[in-house]
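Just follow the structure's listing: the first ligand is 1, and inside any ligand the first atom is 1. Any value given below was found using the heavy atoms of this structure, including those in side chains, with hydrogens, waters and symmetry copies removed.
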Amino acid sequence: MTSTFASIHEGNTYFLLLNGKFVQSESGKTITGETPFDGTPTYTIQAATKAEIDRAYESAALAQRSWRQVALWKRAEIVHKAATILREHVDEIATVILREVGKNRKSAVSEVLRTADLCDYTAEEGLRMEGQLLVSDSYPGQPRNKLCLVQRVPLGVVLAQGPFNYPCNLTGSKVAPALMAGNSCVVKGPTQGAVAALYLTAAFHFAGVPAGVVNYISGRGSEIGDYLVTHPLCNCISFTGGNIGLEVAKKAHMIPMQMELGGKDAAIVCDDADLDLAAKCIVSGAFSYSGQRCTAVKLVLAVESIADELVQKVVERTRALTVGHPEDDCEVTAVINKAAADYAESLAMDAKEKGAKFLLEYRREGNLIHPLVVDRVDESMKLAWEEPFAPVLPVMRVKDERAAVAFANRLRYGLQGCVFTRDVNRAIMLSSEITAGTIQVNGAPARGPDHFLFLGHKDSGINAQGAKWSIEAMTKLKSVVINLPQEAYMIAN
Ligand SMILES: NC(=O)C1=CN([C@@H]2O[C@H](COP(=O)(O)OP(=O)(O)OC[C@H]3O[C@@H](n4cnc5c(N)ncnc54)[C@H](OP(=O)(O)O)[C@@H]3O)[C@@H](O)[C@H]2O)C=CC1
Ligand SMILES: O=C(O)[C@H](O)COP(=O)(O)O
């Protein structure tokens with residue numbers, strides 16, 4: 001059976017989507033990716049030109065004028081259809097994710113299905129995007145002779161830029177709410193993950209959005225990124241990625257932004273914690289998808305009195321992790337590329353040189369770093385502060401939970417964190433004092449489920465994500481005030 005997606009590529013070469021057409025770039029330039037795990041060629045994508053970026057934005061701006069007047073139920077019907085298309089092609093798309101970003105098959109399948117669920121939920125959330133009616137006499141001294149109708153209105157063209165680690169889900173977490181809000185999209189996929197992001201974008205095209213409502217651009221962010229984010233027809237930037245996002249935010253003009261950036265999520269383990277639970281959450285939190293999650297546990301702050309016992313449990317569980325090829329559903333696989341592996345290695349070696357202890361043998365084959373627990377990390381080490389985005393877990397021992405909170409609050413990031421304690425009051429008190437978007441109590445940091453609030457404080461982001469909040473982030477408020485000739489009270493009897 002021919003795939004719905006047959007027209008997005010020719011053999012191994014994948015196209016741009018401009019104004020409803022899948023095309024090769026006029027640049028004649030392409031980029032061929034390689035698998036993180038064995039360096040074999042994956043797919044060839046287009047290196048778009050500035051003129052093609054202009055066309056994408058122009059098409060999106062024009063199409064949005066009609067799209068914003070498409071009935072909400074119709075928009076929802078199309079977004080639901082996109083979810084169905086994703087489910088119908090889950091294996092095809094999961095294979096692309098596995099090859100492009102080295103995610104094991106089970107997790108890749110889960111990412112696609114999670115994205116379909118996100119689309120369905122967002123469609124329903126968009127249908128119920130409430131307005132508001134205000135009456136003037138609710139304000140002191142006012143008669144009821146004014147009615148204020150408040151609505152959310154679309155921004156126009158949303159630039160949707162996702163990271164490599166969830167090339168389908170984090171692109172979908174932008175496109176679905178953008179469309180439900182009445183916006184159109186220019187999608188720029190991560191170069192490693194570009195084809196998965198193209199599949200996601202194309203799913204909306206095949207679901208029936210009018211030409212120009214979704215457009216897809218590929219090419220190196222370092223080459224075309226500035227042009228994309230400063231484009232005069234860009235009305236909103238929804239960006240997920242690393243510190244580059246901080247630069248993007250500074251370059252962008254006065255437009256709304258939804259920025260989900262890096263994290264250094266700390267796990268605070270109190271002296272009354274359930275250490276088996278804490279160890280389980282820390283190991284899964286630190287090493288799933290090889291630590292390449294913004295919400296990965298990236299620092300353990302263990303109260304000294306329980307640190308030895310906790311570390312022993314963490315090491316035992318870490319030793320049991322499966323390490324190897326994503327096709328074998330191994331939990332730890334190669335990180336995205338050599339530069340990422342080199343960076344993580346440099347952080348680990350810097351810590352070791354400054355006195356930290358490797359509790360497992362350091363092993364690396366190419367981009368595959370075996371899970372490593374680094375104990376007795378202190379603030380002189382880069383690993384205490386920076387984001388490895390790899391299977392390297394630092395443990396810092398602290399006097400008590402107050403010292404743990406104090407250190408966590410010195411981190412530049414404020415995405416998530418987690419607290420392990422049996423005392424709910426203590427959990428609430430500590431969570432309220434930690435400067436982060438979300439604190440998980442007795443659980444690992446996580447963005448999912450995708451209708452939950454998800455946001456970063458400090459250098460971890462601007463604005464918020466999560467079905468409802470993403471729709472809001474891609475709209476503005478607008479009001480119409482009806483001035484009545486005299487007071488008017490609606491009555492029922
Ligand atoms: N808070 C969150 O929800 C998440 C945060 N992250 C963070 O992202 C990082 C890893 O993901 P990664 O993909 O490497 O992130 P990057 O920041 O490297 O890339 C994110 C996106 O920005 C693009 N880009 C690169 N340079 C520029 C530029 N100058 N202008 C505009 N866009 C540009 C990239 O394109 P290209 O691929 O072509 O370089 C990609 O599409 C980690 O720091 C992680 O913490 C990841 C996932 C979720
Ligand atoms: O990109 C990421 O790292 C995701 O936002 C993490 O999502 P998860 O916590 O649900 O895996």
Side-chain angles (χ1 to χ4, degrees), residues 31 33 36 45 47-48 53 100-101 103 107 110-111 114-115 118 159-171 173-174 187-194 196-197 217-231 234 237-252 258-265 284-285 288-298 335-337 339-340 343-344 386-390 412-416 418 436-438 440 443-452 454-466 470:
I31 302 163
I45 60 171
I53 292 172
E100 284 196 299
V101 302
K103 190 169 283 189
S107 304
S110 159
E111 177 178 344
R114 167 180 182 178
T115 309
L118 166 69
L159 170 61
Q161 274 196 240
F164 77 81
N165 64 346
Y166 281 84
C168 178
N169 182 264
L170 278 170
T171 305
S173 71
K174 301 168 187 303
V187 179
K188 151 68 174 100
T191 294
Q192 284 190 265
I217 290 289
S218 53
R220 292 197 193 290
S222 54
E223 291 166 13
I224 59 173
D226 283 3
Y227 196 69
L228 277 163
V229 303
T230 58
H231 200 279
C234 180
I237 298 172
S238 176
F239 178 97
T240 299
N243 294 332
I244 285 165
L246 300 171
E247 298 313 310
V248 168
K250 290 174 195 155
K251 287 172 193 161
Q258 180 192 43
M259 308 294 279
E260 299 291 351
L261 305 180
K264 182 74 178 176
D265 297 10
S284 64
S288 65
Y289 188 39
S290 311
Q292 297 177 114
R293 293 166 53 238
C294 62
T295 49
V297 171
K298 295 180 189 139
V335 296
I336 191 68
N337 54 41
Y343 177 65
E386 296 307 325
E387 179 184 41
F389 227 61
R412 59 185 288 200
Y413 294 110
L415 190 65
Q416 292 205 6
C418 52
T438 301
Q440 303 275 352
R447 166 170 56 103
D450 289 341
H451 66 310
F452 273 18
F454 182 67
L455 78 165
H457 292 179
K458 304 194 284 187
D459 280 357
S460 291
I462 301 172
N463 216 324
Q465 192 174 290
S470 288

> Going by distance only, is there an N or O of Glu387 that falls short of 3.5 Å from an N or O of ligand 1?
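Such a contact does occur with ligand 1.
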> Is the closest N or O pair between Gln161 and ligand 1 shorter than 3.5 Å?
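It does: an N or O of Gln161 is found under 3.5 Å from an N or O of ligand 1.
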> Minimum distance, heavy atoms only, to atom 39 (O) of ligand 1: which one of Gly162, Gly221, Ser173 is it?
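That would be Gly221.
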> With heavy atoms of Gly448 as the reference, note each atom of ligand 2 found under 4.0 Å away.
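Here the atoms of ligand 2 in question are 10 (O).
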> Would you please determine whether Gly245 falls within less than 4.0 Å of ligand 1 on a heavy-atom basis?
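Under 4.0 Å: no for Gly245.
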> Under a 3.5 Å threshold, yes or no: a donor from one side chain and an acceptor from the other, between Asn169 and Thr115?
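Present: a donor and an acceptor within the cut-off.
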> Can you find an N/O atom of Lys188 closer than 3.5 Å to an N/O atom of ligand 1?
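Yes.
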> Is the shortest distance from a heavy atom of Gln416 to ligand 2 less than 4.0 Å?
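Checking ligand 2 against Gln416, which is what was asked, there is no heavy-atom contact under 4.0 Å.
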> With His451, which residues qualify under ring pair (Phe, Tyr, Trp, His ring centres under 6.0 Å), at least two apart?
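For His451 the ring pair (Phe, Tyr, Trp, His ring centres under 6.0 Å) partners, ignoring immediate neighbours, are Tyr121.
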> Applying a heavy-atom cut-off of 4.0 Å, say which part of Leu228 lies close to ligand 1: side chain, backbone, both or neither.
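Neither part.
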> Closer than 4.0 Å to some heavy atom of Gly219 - which atoms of ligand 1 meet that?
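Selected atoms, number and element: 38 (O).
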> Hey, does Ile336 sit under 4.0 Å from ligand 1 if you only count heavy atoms?
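False for this residue.
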> I want to confirm something. Looking only at heavy atoms, which of Ser222, Ala252, Gly242, Gly225 is nearest to atom 16 (P) of ligand 1?
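Selected option, by shortest heavy-atom distance: Gly242.
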> Numbering the atoms of ligand 1 from 1, which are under 4.0 Å from a heavy atom of Ile244?
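Answer for ligand 1: 17 (O), 18 (O), 25 (C), 26 (N), 27 (C), 28 (C), 33 (C).
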> So Phe164 and Phe389, ring-ring contact (aromatic ring centres under 6.0 Å, His included) or not? Walk me through it.
CA-CA 12 Å; Phe164 77 81; Phe389 227 61; 5.8 Å; yes
> Answer side chain, backbone, both or neither: which part of Glu111 comes under 4.0 Å from ligand 2, heavy atoms only.
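Within the 4.0 Å criterion, Glu111 makes no contact with ligand 2.
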> Answer with yes or no whether Ala340 contacts ligand 1, where contact means a heavy atom under 4.0 Å from a ligand atom.
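No.
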> Please confirm whether Lys103 makes a cation-pi placement over Tyr166, using NZ or CZ under 6.0 Å from the six-membered ring centre and within 45° of the ring normal.
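Because its charged atom sits under 6.0 Å from the ring centre and within 45° of the axis, Lys103 does stack over Tyr166.
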> Identify which of Tyr166, Phe389, Tyr227 has a heavy atom lying nearest to atom 44 (C) of ligand 1.
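It is Phe389 that holds the nearest heavy atom.
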> Is there a polar contact, in the sense of an N or O pair closer than 3.5 Å, between Thr191 and ligand 1?
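N/O-N/O distance below 3.5 Å exists for this pair.
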> Select the closest option to atom 22 (O) of ligand 1 among Phe454, Phe239, Tyr413, judged by heavy-atom distance.
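When every heavy atom of Phe454, Phe239, Tyr413 is considered, Phe239 comes closest to atom 22 (O) of ligand 1.
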> So Ser238 and Gln258, side-chain hydrogen bond (donor to acceptor under 3.5 Å, both in side chains) or not? Walk me through it.
CA-CA 5 Å; Ser238 176; Gln258 180 192 43; 2.5 Å; yes
> Any atoms of ligand 2 less than 4.0 Å from a non-hydrogen atom of Arg293? List them with their elements.
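Taking each heavy atom of Arg293 in turn, ligand 2 has 3 (O), 8 (P), 9 (O), 11 (O) under 4.0 Å.
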